[in-house]
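Taking it in order: structure first as structure tokens, then the write-up.
Whatever order the structure lists ligands and atoms in, that order sets their numbers, starting from 1. All figures in this text were calculated on a predicted structure; none of them were measured in a lab.
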Amino acid sequence: MDLSNKYQLMAPKSILIPPSLVIFLLSLTGQNLTAQQVAENEQTKQYFLWEPEPAPNRGHDFGVEALGRGYPYDKDWERWSYPLGNGNIGTNVFGRTEVERIQITEKTILNGSAYNRGAVTNAAEIYLDFGHEDYSDYRRELNLNDAIKTVSYQSGGVRFEREYFTSYPDDILVIRLTADQAGALSLTVRPEIPYPVSKHELDTKSGLLVQTNGDLITLKGTLDYYQVNFEIQVKVLNEGGSLSTNEESINITDADAVTLLVAIDTNYELGPHIFLNEPKEKLDPDFDPHELVTEKIDHATDLGFVALRSRHLEDYQNLFNRVTVDLNSEVSELPTHVLLEEYREGNYNPYLEELVFQYGRYLLIASSRETTLPAHLQGAWSQYEVSPWCAGYWHNINVQMNYWGAMSTDLAETFEGYLNYFEAYKPKAQQFARDYILETRPEVLSDDPAENGWILGTGANAYQISGRSGHSGPGTGGFTTQLLMEYYNFTQDEEFLRETGYPAMLEMSHFLSKTLYETDDDLLLISPSASPEIRMDGEYYNTKGVTYDQGFVWENHNNVLKTAEVLGDEDPFLEVIREQIPRLDPILIGSSGQIKEFREEDAYGEIGDPHHRHTSQLCPLYPGTLINDSNPDWMEAASVTLDLRGKPGNGWATAHRMILRTRLHEAEEALGLYRLFITEKAAENLWSMHPPFQIDGNFGVMAGVAEMLLQSQDDAIEPLPALPEAWEKGSFDGLVARGNFKVSATWEESQLTELSIISRSGIDCQIKYPGLAKSTVIDQSGDIVEFEELGPNEIVFSTTKGGEYFVQLNP
Ligand code: FUC
């Protein structure tokens, strides 16, 4: 069946204004903007997910336990509902006509049973009883350009429209209901606290209350394990008609329009005490979040819908509109599930490839902001009573992957959520380092805590981090500091480096150096050492000097040396680091031509599952930098390793393999993995499936697309380093390269045709691309910029902060 015509009629109108026209129009008004500024202001290509039917809602299934011990499972929530979020509140909207379901969670609302740590839990369900059994001309859409979800349909001769968004500046969920006829809106607003009775005693809740007062419904209670006091208020503002109050719900009759405001808060306050204290001493049990929630509701009520909406748009679009990627696609008007079905059948529509990339950026903005907790394993969303893997911060790849694309897609602010979290957990991580050293090697324990450094194990959440874990070695610490290094690399924020990044990396080097043992042949090997999650005979395999651990010591040590130079630091420990680096010997090639995961491995696959989801032995290729273009033998061995590892089993594993292929410049393999992600790992709402839903895969492939188009890990900016044939024509605008350069490029017949760079740091700009030395560089005034040739394919020139540079490619 050809659905394209059927859905054409209901498609939204995308307004395509060419930037040149905008410049012309603005020049008439006396405003001068550069082309890039126009692009930033006017991301006109529309990205949206949409369906011609409401999301099904067949309810929770307690009979199904999701992997990671999550329950109850809800496949409709997971695959069909659309997520909205502002970093604090995560909301899933179903868009139903008879009984609408709006499911809400918040990142600090955790119970206690999972993994002795507790899991994020569903905070509230809001049902809107409309009773519109019959409907036609239905559309629900999640628009990524404005982060607004809309629902629209015809019922009983009336057209009903809804808008939903979660505002970061005003920390509120806003729902606006309208109809095209006066007095046509009647509904009941009926919120519930889910799972009032829990099957595990550590998950109990107490003092639960749902109460109405005039136009306000309040839900409150306590999750007993951490004594989380929560409150949710739902305010109902009707225009016209009448409002009546029941015990736990509100009826609206014959209104013209209705606005619902939903605010949440708890007694959680991020700080070192959260991680240092015992479960019952982390939060103040006497703190009632009532005032905080009331303030948000009052503030939003005063602002009103129009102002709330424009403040939301200004905040969101400032982030989202910074980057465009065009793979020569047309906006597709097919419903997302049809687009996906066709893609699965081999119709590789580049619009869907752009959409999945931009969806990653959307989800990151929605789940991690400057003042919020970081994006967890499920971002900011959970309908579960006990979320799979706690909806935690898993540090042996998952949480790192969440931020791999944050900087390159110009969303560095979203990483600040992790930075706040890091600062808060660091004192506990210092305790863990002390414990670790005492347990494994007490003779090297120092009296100075800074010299013992810090470490964390794999599992963590909003209330706890963990110490040593048997299945992942201390490389986990270097895996984590790599994010801090990248934040500096991309932002060039020296204050951050001085205050946070450098001390963290230096202390990590101190810790890691205490895990190294001298061997008879004068090497330094970590012991005990483990490559994430690899088992032999059912047990986690512990040994000496695995590539994952050695590699991250190498990365962290080198990052310390590089940044010490930036800051002019002369800490005496730098000498120790310099002496240790050549003795780490992280990369060994085995008899199958593979990068060994374990030193004692000869042929590939001797130890552990040869097709394991983790590819930790290749972390030195990505996110690390040790394996790079300057060592073709290692690059070749990395490629062999990926071939041997085979097809990935879940969303995040696909994403890691995809990025690894981009670093190897294996463009077709990278695209193949992206396609595999879209066809096999993405649900109808494009969420990444482990399964269950786990957001890391969404962020990982987003980072992967950016890496296909732009790399900068080896001092130089490299446009189109892994461009597959299918993407022979296209453009991107605003991706970020290390050194804080904002890069835009256009290509045709797989050749770069235009390249422009805005220098946000004012440092030297080094670029490599075949034949580049023959090009001409001009600045925004049209003056020629002198450059130095570093070879036929590589140039470097000095820049001024804020300067824009155009590279004219001469064939
Ligand atoms: C790691 C992975 C699992 C899962 C979990 C949350 O332990 O090995 O696949 O993603 O984190």
Side-chain angles (χ1 to χ4, degrees), residues 65-71 73 78 107 110 114-120 367 374-382 384 386-404 418 456-462 464-477 479-480 483 530-536 538-542 546 548-549 552 597 608-619 623 645-660 677 680-683 687-701 703:
E65 186 174 301
L67 206 60
R69 300 182 220 164
Y71 63 83
Y73 184 64
E78 174 165 283
K107 285 191 186 144
L110 272 74
Y115 297 86
N116 302 320
R117 207 175 288 130
V120 173
S367 63
H376 56 59
L377 197 67
Q378 277 79 22
W381 298 278
S382 175
Y384 292 88
V386 173
S387 295
W389 288 288
C390 325
Y393 301 114
W394 296 85
H395 280 76
N396 66 8
I397 192 161
N398 318 88
V399 75
Q400 288 91 344
M401 185 176 282
N402 283 1
Y403 293 99
W404 281 352
Y418 188 86
L456 80 172
T458 304
N461 64 18
Q464 290 190 45
I465 60 166
S466 60
R468 201 175 144 199
S469 56
H471 57 59
S472 306
T476 297
F479 209 161
T480 305
L483 287 175
S531 200
E533 323 262 351
I534 301 289
R535 295 170 195 254
M536 271 295 264
E539 298 290 316
Y540 289 121
Y541 185 71
N542 272 253
V546 309
Y548 169 80
D549 285 333
F552 277 122
E597 185 161 10
D609 174 1
H611 305 302
H612 203 277
R613 59 192 183 285
H614 284 268
T615 40
S616 310
Q617 68 273 52
L618 297 184
C619 283
R645 204 60 148 199
K647 196 177 164 186
N650 69 46
W652 68 253
T654 310
H656 192 199
R657 284 159 168 81
M658 174 187 174
I659 305 187
L660 291 164
F677 176 85
E680 289 187 18
K681 316 297 176 195
W687 262 355
S688 173
M689 293 296 139
H690 195 297
F693 159 54
Q694 207 171 286
I695 204 157
D696 39 20
N698 285 105
F699 296 144
V701 293

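- Heavy-atom contacts of N396 reach the following atoms of ligand 1: 1 (C) (cutoff under 4.0 Å).
- Within the 4.5 Å cutoff, the side chain of P691 has no heavy atoms near those of the L67 side chain.
- Here L377 has side-chain heavy atoms under 4.0 Å from ligand 1, and that is the only part of it that gets that close.
- Note on ring orientation: taking the six-membered ring where Trp is involved, the planes of H656 and W404 are tilted (angle from 30° to 60°).
- Using bins of under 30°, 30° to 60° and over 60° for the plane-to-plane angle, the ring pair H612/H614 lands in the tilted bin.
- Evaluated by nearest non-hydrogen atom to atom 7 (O) of ligand 1, the leading choice among E533, H614, M401 is E533.
- Between N398 and ligand 1, an N or O atom pair is found at a separation short of 3.5 Å.
- In summary, the side chains of S472 and E533 do not present any donor paired with an acceptor at a separation below 3.5 Å, with no hydrogens or angles considered.
- Residues W394 and S466 are not in side-chain contact: their nearest non-hydrogen atoms beyond the backbone lie 4.5 Å or more apart.
- Using a 4.0 Å cut-off to heavy atoms of W652, the atoms of ligand 1 that qualify are 2 (C), 8 (O), 9 (O), 10 (O).
- At a heavy-atom cutoff of 4.0 Å, ligand 1 is contacted by no atom of D696, backbone or side chain.
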